[in-house]
Amino acid sequence: LVLEPEVFSIDEMLAASAELLSANIREKGLNFSLHCDEGLTGVTVSADQGRLRQVLLNLLSNAIKFTHEGAISINAKTVAKDGHSVSMEIRVADTGIGFSEEEAEKVFETFTQLQTSADRQYGGSGVGLSICRRIIEAMGGSLTAEGMPDAGACFTVALTLPVVDVPAPKKSATPEGAVRLPKDRGQTVRLLMAEDGETNRIVIQAMLKDSGYQIDVAHDGQEAVDAVAQFPYDVILMDVYMPNMDGIEATRQIRASDRGRNIPIIALTANAMDGDREKFIEAGMNDYLPKPVKKTDLLATLARYLPETSAT
C-alpha cells in the first residue's frame, strides 16, 4: 500500500466526495447532510487525498446500499489542532439496516457478510471495509464502526494530518503539459469502461465529465465482449479482476474479433505486481493504470492512444 501525499483542503475534499454520489442519494429519496466544523473549514493538509476519498466513497456507497428510508450524514469535527497538525473525526452515519454491537468488528473481516440474506439481497463480498481500514491505518489513523439492528450504522475515521500553510492547489481539467482532450479536437470519443466496482465507475465517470468522452459501462468481462461486438469503440478501460469473466480473458476474446482487433485497451488494477505489465501486454492490452486512478494519469494515458492527438 503506497501512499502519495498531496496538499488539499479538507472541506473541499468532503464536498467533492459527496457530490460524486449525490445522484444515488436522490434516486433513493434519502435526506443528506454534510457538516464540517470551523476548525476544519479552509484547512489544508498533506495526505493521500485519493486514498482518503476512496475510503469515504466506499463508506457512503455502503450507507446508500443499506438505507431504504431516512437519512445519510457526514460530520467532520476537530479533535485537536495546533500550528503543525490537526486531529479530526469524520463520521458517516445512516438510518439503514444496521448491525448489533457484537457484529461491529466483523464488518471489517475480509470476505465476511453479517447475514447470508444480506449477501443475496445486497451483493458484495465484504472486501471493501477491510481495505478501507488498512488504508486509514496506513495513514496512522483508525476506522471503527457502531450500529443498532434496524436503526442504522455509523463509521468513524480518526486521523491526525500535518497542516500545510499554503492554499490547496487549484486543479485544472487539462493539466499542464498534457495532450489535448477530445473536446479540444471538436469530436466525441466513445469509451467503454469495464469495471465491476460501483465506486470506481462513479469516480472515473466524474473525472471524464465534460471532457468529450461518451462512456458506456460494462459490469464484467462478458458484458465488455458483448458491447464490442455491437458498437465501435475508440478506447477501452478494462478492470483486470471482475466476476464471471475477468479482464484478461475478455481482452483475449475482444482481440480475437474483427471489430476489437485494434482498439486500444488500458488495464485497471489495484494490485499491480512485478511481471503483471508483461502479462497484460501478452493478453493484448496496450497499457495499464494503477488504482486508485489519478485524473492526470487517466487523461494523459487515454489521450496517448487517441488518433491525431497533438500536445498543447
Side-chain angles (χ1 to χ4, degrees), residues 20 24 50 54 57-58 61-62 65 110-111 113 119-131 188-209 211 213-295 297-299 301-306:
L20 290 174
N24 303 61
Q54 180 185 14
L57 289 173
N58 200 303
S61 293
N62 281 343
K65 181 190 298 185
T110 306
F111 303 116
Q113 279 277 2
D119 182 49
R120 287 196 299 266
Q121 183 176 355
Y122 300 102
S125 63
V127 174
L129 289 175
S130 174
I131 294 175
T188 297
V189 172
R190 190 156 191 170
L191 180 151
L192 175 64
M193 174 171 54
E195 167 64 67
D196 68 310
E198 180 183 15
T199 300
N200 290 326
R201 293 197 300 268
I202 292 171
V203 170
I204 291 175
Q205 286 175 309
M207 289 178 178
L208 297 178
K209 183 179 180 181
S211 64
Y213 290 94
Q214 177 183 330
I215 304 172
D216 292 346
V217 174
H219 298 82
D220 58 37
Q222 185 60 61
E223 287 189 12
V225 173
D226 294 342
V228 171
Q230 298 180 54
F231 303 103
Y233 289 102
D234 296 291
V235 63
I236 299 172
L237 293 176
M238 181 74 74
D239 186 21
V240 174
Y241 302 104
M242 293 183 288
N244 301 322
M245 180 188 294
D246 64 23
I248 299 293
E249 179 58 29
T251 298
R252 291 193 178 110
Q253 293 196 21
I254 289 171
R255 289 295 186 230
S257 67
D258 291 336
R259 177 166 276 172
R261 186 171 295 126
N262 298 314
I263 302 175
I265 300 178
I266 301 165
L268 302 175
T269 178
N271 301 298
M273 301 174 67
D274 289 342
D276 277 356
R277 181 181 176 84
E278 290 72 20
K279 181 173 67 176
F280 301 153
I281 298 300
E282 181 183 357
M285 295 174 171
N286 300 85
D287 212 329
Y288 84 95
L289 286 167
K291 296 180 184 177
V293 177
K294 292 185 177 295
K295 184 174 181 177
D297 295 340
L298 175 63
L299 292 175
T301 302
L302 285 174
R304 190 157 59 241
Y305 291 97
L306 297 180

**Message:** I'd like to know if the side chain of Arg255 and the backbone of Ile263 have a donor-acceptor N/O pair within less than 3.5 Å.
**Reply:** yes
**Message:** Among residues at least two apart in sequence or on other chains, which ones pass side chain to side chain donor-acceptor pair (under 3.5 Å) with Asp220?
**Reply:** Asn244
**Item:** Pair listing, salt bridge (charged side-chain N to carboxylate O under 4.0 Å, His left out) test, anchored in residues 256-267, at least two apart
**Value:** Asp258-Arg261
**Prompt:** Can you find a side-chain donor-acceptor pair between Tyr305 and Asn286 that sits under 3.5 Å?
**Reply:** no
**Item:** Residues which pass side chain to side chain donor-acceptor pair (under 3.5 Å) with Gln253, listed by chain and number, not counting sequence neighbours
**Value:** Glu249
**Item:** Set of residues satisfying side chain to side chain donor-acceptor pair (under 3.5 Å) with respect to Asp216, sequence neighbours excluded
**Value:** Arg190, Tyr233
**Prompt:** Taking all atoms of both residues into account, what is the closest heavy-atom pair of Ala224 and Ala218, and its distance?
**Reply:** N-CB, 3.5 Å
**Item:** Reported CG-to-CD1 distance for the pair Asp239 and Ile236, which is rounded to 0.5 angstrom
**Value:** 13.5 Å
**Request:** Could you tell me the separation between the OG1 atom of Thr251 and the CG atom of Asp246, rounded to the nearest 0.5 Å?
**Result:** 8.5 Å
**Request:** Kindly give the heavy-atom pair with the smallest separation between Gly260 and Val228, and that separation in Å.
**Result:** CA-CG1, 4.0 Å
**Inter- and intrachain pairs under salt bridge (charged side-chain N to carboxylate O under 4.0 Å, His left out), touching residues 222-231, at least two apart** = none
**Distance (rounded to the nearest 0.5 Å) between Ile266 CD1 and Leu302 CG** = 4.5 Å
**Prompt:** Looking at CZ of Arg201 and CD1 of Ile215, how far apart are the two atoms once the value is rounded to the nearest 0.5 Å?
**Reply:** 12.0 Å
**CD-CE distance between Gln222 and Met245, expressed to the nearest 0.5 angstrom** = 4.0 Å
**Prompt:** Do Leu20 and Gln205 come within less than 4.5 Å of each other through their side chains, counting heavy atoms only?
**Reply:** no
**Prompt:** Do the non-hydrogen side-chain atoms of Thr269 and Phe280 ever get within less than 4.5 Å of each other?
**Reply:** yes
**Request:** Side-chain contact test, heavy atoms from C-beta onward, threshold under 4.5 Å: evaluate it for Val293 versus Val203 and give yes or no.
**Result:** no
**Asked** Which atom names give the shortest non-hydrogen contact between Met238 and Ala250, and what distance separates them?
**Response** CE-CB, 3.9 Å
**Asked** Do Leu208 and Met193 have side chains that get closer than 4.5 Å, going by heavy atoms?
**Response** no
**Asked** Are any of the side-chain heavy atoms of Leu298 and Leu237 separated by less than 4.5 Å?
**Response** yes
**Asked** Partners of Arg252 by side chain to side chain donor-acceptor pair (under 3.5 Å), sequence neighbours excluded?
**Response** none
**Message:** Quick one, Leu268 and Asn200 - any side-chain contact, counting heavy atoms below 4.5 Å?
**Reply:** no
**Asked** To the nearest 0.5 Å, what is the distance between OG1 (Thr301) and CG (Leu289)?
**Response** 4.0 Å
